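Proteins come first, then strands; the chains are lettered A, B, ... in the order of their sequence lines, and each starts at number 1. The model shown is predicted, which means the values in this text are computed figures rather than measured ones.
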Amino acid sequence: MTVEDLYAQIDGNYAHAVQIMKKDKMISKYLLKLKNSGLIENLQAAGESLDPVAMFESAHAMKGVTANLGLDTLSDKVSALTEEFRQGSSRKYSDDEVKAMLEDICALYQKTADGISEYEQSIQ
Amino acid sequence: MIQSSELNRRHLVLVVEDQEINRDILGMILEDEYDLIYAENGAIGMEMIRENKDQLSIILLDLIMPVMDGFEVLRQLHDDTELREIPVIVLTAEKEAELKALQLGASDFITKPFDMDQVVLARVERIIELSERRQLIRSAERDPLTGLYTKGFFFEYADQIVKFHPDWKMDAIVINIERFHSVNEYSGREFGDKVLRKLADGIREFLKDTTGIASRIEADRFDIFCLHRDSSDYREVYDSLQSKLDEMSEKTNIRIRMGVKPYRDGVTPSEMFDRARVACNMVRGSNKDHMMIFDEDMRQMEMFQQRLMNDLGWAIEDKQFVVYYQPKYDIQAEPPKLKSAEALVRWKHPELGMISPGDFIPLFENNGMISQVDNYVWAVAARQIAEWRDKLGYLLPLSVNLSRAEIFDPKLEPYLEELLEENDLSTKELKLEVTESAYTDNAMELIDIIGELRKMGFEIEMDDFGSGYSSLNMLSSMPIDVLKMDMKFIRNLEEDIKNFRMIELILDIAKFLEVPVVAEGVETEEQMKLLKDAKCALVQGYYFSRPLPAEEFEALIIKEMNIDRNH
């Protein structure tokens, strides 16, 4: 399995990742770090209470990292949460709708994490 | 030559970003070009900024972070005069944040997700370059000692004032400190710097109440360009600046000199300051007034001096400079015996008539043109010694003047050797006179060069001794063969017994140094007798002869030869 195959499998933007990190070796190095970054766990924890500050900070952190990795679909979905909880702007979605968005993000993240694990195994 | 770019160190970049993956990606982009350090939030970032403030070239700062966000970091940097100089690029994905960050002092931003690596590198490089250029300009703009403008920037700003504010009537002021080198020499460089800073503070205080700019042009010279005021106001400005220096030390008498060129339409700042400097130089030697306003007399003097400078080259070609000779007699011999003579220059200008050496020698000494005159005089004097030797069989040593600038000229020794060789003379026949005041600056270097000349066999006469400020300690290490006592001691000899005591003192110093003394300016028999009784060796002055043109001096030699023959 190549890095490009992996990006196709997880709805990532391989071209964007290459633009920033140049080499597959580098892209895979940082992708592997994503699994242990704690980003999704922080977002899930914030989702339990829907504390707006925690929601904004954890979504914002995840948005930045996933965007830099070229995980555009995931990043776009998290970005919607960032805007929802940005200080000073009014909420557009109900709590239930936010929870549904969170589930969607977790599912996509899981798909990404699974793809990364599969890729990891393929190169061992 | 080493290019300035080659002197550059590898720049240190601080990345403040809470997300490890983002930090790593940035690190990967930058690591080939820069040294990197990392902080995971603003608080740690601030600690690292303070620790590395002198080495940091740039900070890449995330805005949304735990503990302390990027906005707070920007605020803290902005409030710190030292740290605010370090440029910051913010890492952000939001337009609103970009604006806020720029308003807080950020230099630029890098968007998230990151652009192509070349874009990131180019931004970082550009901001570092801009910041370094700004710092370079700032350090070139201000004199580090006083904080006033440096010369180049001062004149640039003065020109801009004239160009953009033609209705402002600006005066030019030049200030310097009398014998500042002595202040440095006797009270130490540190005290000298303190004096300069104090004077600069006084100037800044004066400029608080008026429109103007100021610069330390060089060493102890300060220039001020300010709105026109009356001469009585300038008297007050002078008194106020002088009183600041008086407060500094009761023991050291530090006096400033001030020259003012009042506003006149159509005169450039550079010309105005030339004239203010002329006014300031007029204070030199005058004990009465230490503040002078440039006036019509000075303008005439300036034009006259300009004419002399313009005419110099042509005057030498045209042989307008004439060398006169004044004898020096050994007064301990009976009758007094001609021993040597001093070569003195006169300028017979075809239009201006006879120009006094007092008018052109100090002028040419100040602007470095004196060597043209001196080289001519040395050549004429050397030829003259040879001519009298060959024609009359009489070998009369002549002394010539050597200015400070010539002493430091590396071509001096070969030139003198060439002159001696051309005329088949030895170093004993051409003596060199160096004025005492020449020894005040760079004394050790000058002493070394004069020591070399003595090793070649030249005799060195210290001219105008007693008019300068030689310390007794220094005198003992000065390489001299003869002391020429300043003529003011002789001039006052008969008026006051104290003056005679001074002469005795100088003769004692010479005895201690084991060198003979020449008394200059001796005009009467009484003076001559007093000096003879006091065991002064040699006398030069109108009593024996005024300076004579060569043909008249030749007659004097012949007379002297006849006296010799009859004895």
Which donor-acceptor pairs sit under 3.5 Å apart between chain B and chain A?
{"from": "E20(B)", "atom 1": "OE2", "to": "K33(A)", "atom 2": "NZ", "distance (Å)": "3.2"}
{"from": "N22(B)", "atom 1": "OD1", "to": "N68(A)", "atom 2": "ND2", "distance (Å)": "2.9"}
{"from": "D24(B)", "atom 1": "O", "to": "Y30(A)", "atom 2": "OH", "distance (Å)": "3.3"}
{"from": "D24(B)", "atom 1": "OD2", "to": "K33(A)", "atom 2": "NZ", "distance (Å)": "2.2"}
{"from": "E94(B)", "atom 1": "OE2", "to": "K63(A)", "atom 2": "NZ", "distance (Å)": "3.2"}
{"from": "E94(B)", "atom 1": "OE2", "to": "R86(A)", "atom 2": "NH2", "distance (Å)": "3.0"}
{"from": "F114(B)", "atom 1": "N", "to": "N68(A)", "atom 2": "OD1", "distance (Å)": "2.7"}
{"from": "D117(B)", "atom 1": "OD1", "to": "K22(A)", "atom 2": "NZ", "distance (Å)": "3.3"}

Neighbours of chain A found in residues 44-55 of chain B - heavy atoms under 4.5 Å: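 Under the 4.5 Å heavy-atom cut-off, nothing qualifies.
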If you look at every heavy atom in F56(A) and I64(B), which pair is closest and at what distance?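 Closest heavy-atom pair between F56(A) and I64(B): CE2-CG2, 3.9 Å.
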Region of L39(A) that comes under 4.5 Å of a non-hydrogen atom in chain B: side chain
Any chance you could lay out the side-chain contact (heavy atoms from CB on, under 4.5 Å) test for I25(B) and V65(A), step after step, and finish with the verdict? CA-CA 10 Å; I25(B) 294 175; V65(A) 172; over 6 Å; no
